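Here is how names work: the chains are called A, B, and so on, in the same order as the sequence lines, proteins then strands, and each is numbered from 1. Bear in mind the structure is a predicted one, so any value in this text is a computation, not a measurement.
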2 protein chains.
Amino acid sequence: MNEKEQSILDASLKLFVEHGFHGTSTAQIAKEAGVATGTLFHYFNNKEELINSLYIHTKESLLKDISGNYDDKKSFKQNIKELWLKFNWFGINNSYMFQFILIFHTSPYITSLTKEHLENRYDELVEFYMQGTEKHEIKMVYNELLQDYFWGSIYSTVTHFQKYPEKLNEKNLNMAFELFWDGIKIG
Amino acid sequence: MNEKEQSILDASLKLFVEHGFHGTSTAQIAKEAGVATGTLFHYFNNKEELINSLYIHTKESLLKDISGNYDDKKSFKQNIKELWLKFNWFGINNSYMFQFILIFHTSPYITSLTKEHLENRYDELVEFYMQGTEKHEIKMVYNELLQDYFWGSIYSTVTHFQKYPEKLNEKNLNMAFELFWDGIKIG
DNA sequence: TGACATATTGACTAATCAGTCTATAAATAT
DNA sequence: ATATTTATAGACTGATTAGTCAATATGTCA
């Protein structure tokens with residue numbers, strides 16, 4: 001990845017989150033990135049291609065951070081907690097990226113081709129969940145609801161600590177996890 | 001509320017949700033509403049005033065739908081379930097409004113004056129919650145986290161049934177509530 | 001060295017935007 | 001009935017936008 005190309009993506013991430021896709025001009029992006037508009041269009045054919053690249057890079061970054069294997073030596077709860085924490089730390093440490101995913105995952109400017117490129121990688125995560133229901137460690141709730149419940153917990157926890165950074169500590173993060181876990185555990 | 005004024009707000013709601021604030025031109029709004037641009041600027045001095053009016057109307061509509069008093073004859077769980085359901089039905093039956101609130105509650109175009117106009121009305125809701133912690137029916141979790149947990153559950157449930165409308169029935173809605181309730185209940 | 005490709009620049013352009021203005025039409029008041 | 005205010009229309013304008021283009025610089029390879 002070229003240095004200028006990277007700074008264009010960095011500037012875009014910041015400005016798209018702060019002012020939206022249409023609220024950010026290519027001139028502003030170029031200025032923020034410290035390049036000329038011509039350079040921007042040298043690396044990206046148009047604005048839409050830019051946001052698609054950004055979406056791919058952001059999601060790749062998330063996938064990299066949350067990847068890791070199920071550890072049979074640990075309990076199911078511990079395994080799921082580690083995954084939950086990885087998601088949350090990603091959101092807390094990369095607030096622009098997290099907000100970008102939140103805002104733009106339904107954007108019409110992100111093409112279906114771009115989405116396909118990533119969607120199926122979450123399959124691993126889904127199977128991971130299934131393990132818990134099979135072993136009757138978590139409630140018999142259909143998969144789609146379980147996934148959305150999981151994501152809702154990540155969403156509310158990350159946005160909570162973005163809003164109240166002074167509340168961020170291990171105790172409160174565990175508290176937030178227990179809210180999530182007690183919702184799906186059996187008994 | 002004038003008929004044309006209302007159709008301008010309706011058109012704005014739809015287009016702002018679908019294409020964003022800057023992604024929607026005043027000409028498009030006027031066309032969708034079936035009026036001339038001059039009429040739009042007769043009712044709203046500028047685009048920002050339009051989105052602020054829209055925000056107020058949308059939140060007023062939400063507040064109207066979720067309002068109601070705590071019923072001492074019913075259990076705390078039942079009371080909170082009814083509130084939770086009111087929020088969810090609002091989101092399910094008014095998907096544009098719900099998405100609009102989600103997308104624009106942090107928008108810089110919604111002035112702090114507009115926000116103040118509504119924020120304090122949620123105080124009732126907060127006190128409602130406190131009742132549960134005082135009676136030790138729900139976990140001793142600090143208020144801000146509890147509120148964000150509540151909102152996260154609404155968010156994930158509404159977006160879930162927007163994504164999978166065929167899954168919407170009483171059984172699954174109750175299931176989603178139990179995920180939420182078991183997270184905060186004691187024991 | 002010299003030839004060719006790639007990188008970078010910023011002035012430029014056609015299209016689009018928010019908002020204005022003038023002209024009427026409809027409603028309301030005196 | 002007449003005057004005054006309010007509603008509606010759409011052509012128009014100055015500013016801004018995404019994207020182009022021609023010029024120049026830098027790198028690469030034989």
Colleague: Calculate the interatomic distance between B:K31 atom NZ and D:dA9 atom P; express it in whole Å.
Modeller: 15 Å
Colleague: Please determine if B:K167 forms a cation-pi arrangement with A:Y142, meaning its NZ or CZ atom is less than 6.0 Å from the six-membered ring centre and no more than 45° off the ring axis.
Modeller: yes
Colleague: So, using ring-ring contact (aromatic ring centres under 6.0 Å, His included) as the criterion, who are the partners of B:F44 when residues are at least two apart?
Modeller: none
Colleague: For each nucleotide in nucleotides 6-18 of chain C, reading 5' to 3', give B when a protein heavy atom comes within less than 4.0 Å of its base, S when such contact involves only the sugar-phosphate, and - otherwise.
Modeller: -SBBBB-----SB
Colleague: Which of residues 5-20 of chain A sit near DNA chain C, with a heavy atom under 4.0 Å from it?
Modeller: none
Colleague: Only counting residues at least two apart or in another chain, list the ones meeting side chain to side chain contact (heavy atoms under 4.5 Å, CB included) with B:N52.
Modeller: B:I110, B:T111, B:T114
Colleague: DNA chain D in dot-bracket, Watson-Crick or G-U pairs under 3.5 Å, [ ] crossing, | other strand?
Modeller: ||||||||||||||||||||||||||||||
Colleague: For A:H42, what residues pass the ring-ring contact (aromatic ring centres under 6.0 Å, His included) criterion, not counting sequence neighbours?
Modeller: none
Colleague: Can you sort out the partners of A:E18 under side-chain hydrogen bond (donor to acceptor under 3.5 Å, both in side chains), two or more places apart, ordered by chain and number?
Modeller: A:Y96
Colleague: With sequence neighbours left out, write down each residue that passes salt bridge (charged side-chain N to carboxylate O under 4.0 Å, His left out) with A:K64, or none if nothing qualifies.
Modeller: none
Colleague: Residues two or more places apart in sequence or in another chain: which of them pass ring-ring contact (aromatic ring centres under 6.0 Å, His included) with B:Y164?
Modeller: B:H160
Colleague: With sequence neighbours excluded, tell me which residues meet ring-ring contact (aromatic ring centres under 6.0 Å, His included) with A:F98.
Modeller: A:W151
Colleague: Does anything in residues 172-183 of chain B form a side-chain hydrogen bond (donor to acceptor under 3.5 Å, both in side chains)? List the pairs, not counting sequence neighbours.
Modeller: A:K139-B:D182, B:K77-B:E178, B:K81-B:N174, B:D182-B:K185
Colleague: Restricting to side chain to side chain contact (heavy atoms under 4.5 Å, CB included), what partner residues turn up for A:H19, sequence neighbours left out?
Modeller: A:L15, A:T24
